[in-house]
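What follows is a single structure, written as structure tokens, with notes after it.
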Amino acid sequence: KDLSLLIGGWFKEVGTLIDQFGGAIDKFIGDCVMAYWVKAQTASDIDYVIQPLKAALALVELADIFGDRFKELLPAHEFKIGVGIHTGETVMGNIGTIGRPDFTSMGDSVNVAFRLESQTKVTGKTILVGPELASLGATAFEFEDLGPMSLKGKNEKIQVSYLIRPKG
């Protein structure tokens, strides 16, 4: 019961944080949160890049605070997060059945984001991003180029970067 309340509190705080940075939660999948940002129609607007990067850094800070609470309840366990962010076109809409529709985002970019999140466990780096985010976000953030990586379900390697911190 205590663990359920604690995790429920985590999801509530994550939801508030994602909302603060202009994102929307698509769904909760087990212990995972899937969120998205929509690119504005104006070509000069890169908030769809800047805001998720800011949110990712804030999530890591929140996870550190939450980890202390988690440790109090379960001293033998650790609370860690990994964040994968990728850009690209998606299809958004209802899938499922008539009695159980589920609004979601689908597409290769969604799959790549999930694969990047999985790579955080392999690399030991908390926030991994695809090439467009690293390129467009480079004016405002510091990244470490991790080189091309093989991701499950992808025939070609993808350039991956680790988000370090904001510049300045």
Side-chain angles (χ1 to χ4, degrees), residues 1-40 46-88 90 92-97 99-107 109-130 133-134 137 140-144 146 151-152 160-167:
K1 180 181 174 184
D2 290 339
L3 179 60
S4 178
L5 289 171
L6 188 65
I7 297 298
W10 164 252
F11 284 142
K12 181 180 177 186
E13 290 180 47
V14 168
T16 300
L17 191 142
I18 300 264
D19 190 50
Q20 257 183 307
F21 288 97
I25 291 181
D26 183 301
K27 64 176 47 65
F28 298 100
I29 308 164
D31 63 353
C32 179
V33 178
M34 179 176 158
Y36 62 89
W37 280 257
V38 177
K39 181 178 179 181
I46 64 164
D47 267 1
Y48 77 100
V49 170
I50 300 300
Q51 293 301 83
L53 295 173
K54 286 181 178 179
L57 291 168
L59 276 171
V60 171
E61 287 180 24
L62 180 62
D64 288 342
I65 294 165
F66 183 81
D68 293 339
R69 288 185 239 155
F70 192 86
K71 201 81 163 153
E72 286 176 23
L73 182 64
L74 299 165
H77 299 282
E78 210 174 9
F79 181 81
K80 288 182 161 183
I81 67 166
V83 180
I85 313 173
H86 193 62
T87 59
T90 63
M92 298 177 81
N94 281 318
I95 62 164
T97 64
R100 194 175 165 115
D102 183 24
F103 184 83
T104 194
S105 294
M106 299 172 282
S109 59
V110 175
N111 294 334
V112 170
F114 274 106
R115 302 302 183 222
L116 288 171
E117 185 275 331
S118 294
Q119 285 297 109
T120 64
K121 297 167 190 74
V122 176
T123 63
K125 307 286 187 182
T126 311
I127 305 168
L128 298 182
V129 303
L133 279 155
F141 297 91
E142 291 180 30
F143 294 92
E144 177 185 342
L146 300 179
L151 301 179
K152 183 179 175 183
V160 177
S161 295
Y162 162 56
L163 174 60
I164 301 171
R165 67 182 146 267
K167 285 186 175 175

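Bear in mind the structure is a predicted one, so any value in this text is a computation, not a measurement. Counting from 1, the numbers follow the sequence of the chain as shown.
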## Note on the structure
Correct closest heavy-atom pair for I18 and A24 would be CG2-N, 3.8 Å
### Task
Identify the two heavy atoms, one from K167 and one from F141, that lie closest to each other, and give their separation to 0.1 Å.
CE-O, 3.4 Å
### Query
Any idea which heavy atoms bring A55 and L17 closest together, and the distance?
O-CD2, 3.5 Å
#### Entry: Whether T123 side chain and K125 backbone form a donor-acceptor pair below 3.5 Å
yes
### Task
Determine, using ring centers only, whether F143 and Y162 are less than 6.0 Å apart.
no
### Task
Please round to the nearest 0.5 Å and tell me the distance separating atom CD of E13 and atom CD of Q20.
11.0 Å
### Message
Does I25 form a side chain to side chain contact (heavy atoms under 4.5 Å, CB included) with V33? I'd like the steps, not just the answer.
### Response
CA-CA 7 Å; I25 291 181; V33 178; 4.0 Å; yes
### Message
With rounding to the nearest 0.5 angstrom, report the CD to CD1 distance, Q51 to I46.
### Response
10.0 Å
### Message
Which residue is it: L53, L57, I50? I am looking for the one with a side-chain contact (heavy atoms from CB on, under 4.5 Å) to P166.
### Response
L57
### Query
Between R115 (side chain) and K152 (backbone), is there a donor-acceptor pair under 3.5 Å?
yes
### Within-4.5 Å side-chain heavy-atom neighbours: T126 and T120
no
#### Entry: For I85 against L116, the heavy-atom pair lying closest together
O-CD1, 3.4 Å
### Task
Please lay out, stage by stage, how L73 and R69 fare under the test side chain to side chain contact (heavy atoms under 4.5 Å, CB included).
CA-CA 7 Å; L73 182 64; R69 288 185 239 155; over 6 Å; no
### Task
Indicate the atoms forming the closest heavy-atom contact of A134 with S161, along with that distance.
CB-OG, 3.5 Å
### Query
Does any non-hydrogen side-chain atom of M106 lie less than 4.5 Å from one of I95?
yes
### Query
What distance do N111 atom CG and H86 atom NE2 have between them, rounded to the nearest 0.5 Å?
10.0 Å
### Query
Would you find more than 12 non-hydrogen atoms of other residues, nucleotides or ligands less than 6.0 Å from K121 atom NZ?
yes
### Query
So, for W10 and F70, is the gap between ring centers shorter than 6.0 Å?
no
### Message
T87: which residues meet the side chain to side chain contact (heavy atoms under 4.5 Å, CB included) condition with it, sequence neighbours left out?
### Response
Y48, E132, L133
### Query
Checking D26 side chain against S105 main chain: does a donor-acceptor pair fall under 3.5 Å?
yes
### Task
Decide salt bridge (charged side-chain N to carboxylate O under 4.0 Å, His left out) for E144 and R165; before the verdict, give the C-alpha distance in whole Å, the side-chain angles of both, and the deciding distance to 0.1 Å.
CA-CA 10 Å; E144 177 185 342; R165 67 182 146 267; over 6 Å; no
### Message
Would you say NZ of K80 has more than 12 non-hydrogen atoms from neighbouring residues, nucleotides or ligands within 6.0 angstrom?
### Response
no
### Task
Go through L6 and F66 one step at a time and tell me if the side chain to side chain contact (heavy atoms under 4.5 Å, CB included) criterion holds.
CA-CA 9 Å; L6 188 65; F66 183 81; 3.5 Å; yes
### Message
Before you tell me yes or no, could you show the steps for M34 and F114 under side chain to side chain contact (heavy atoms under 4.5 Å, CB included), namely the whole-Å CA-CA distance, both residues' side-chain angles and the distance that decides it to 0.1 Å?
### Response
CA-CA 9 Å; M34 179 176 158; F114 274 106; 3.7 Å; yes
### Query
Can you tell if the side chain of I81 reaches within under 4.5 Å of the side chain of V83, non-hydrogen atoms only?
yes
### Query
Within a strict 4.5 Å, meaning less than it, do heavy atoms of the L151 and V112 side chains meet?
yes
### Query
So which heavy atom on F79 is nearest to which on G67, and how close?
CB-CA, 4.0 Å
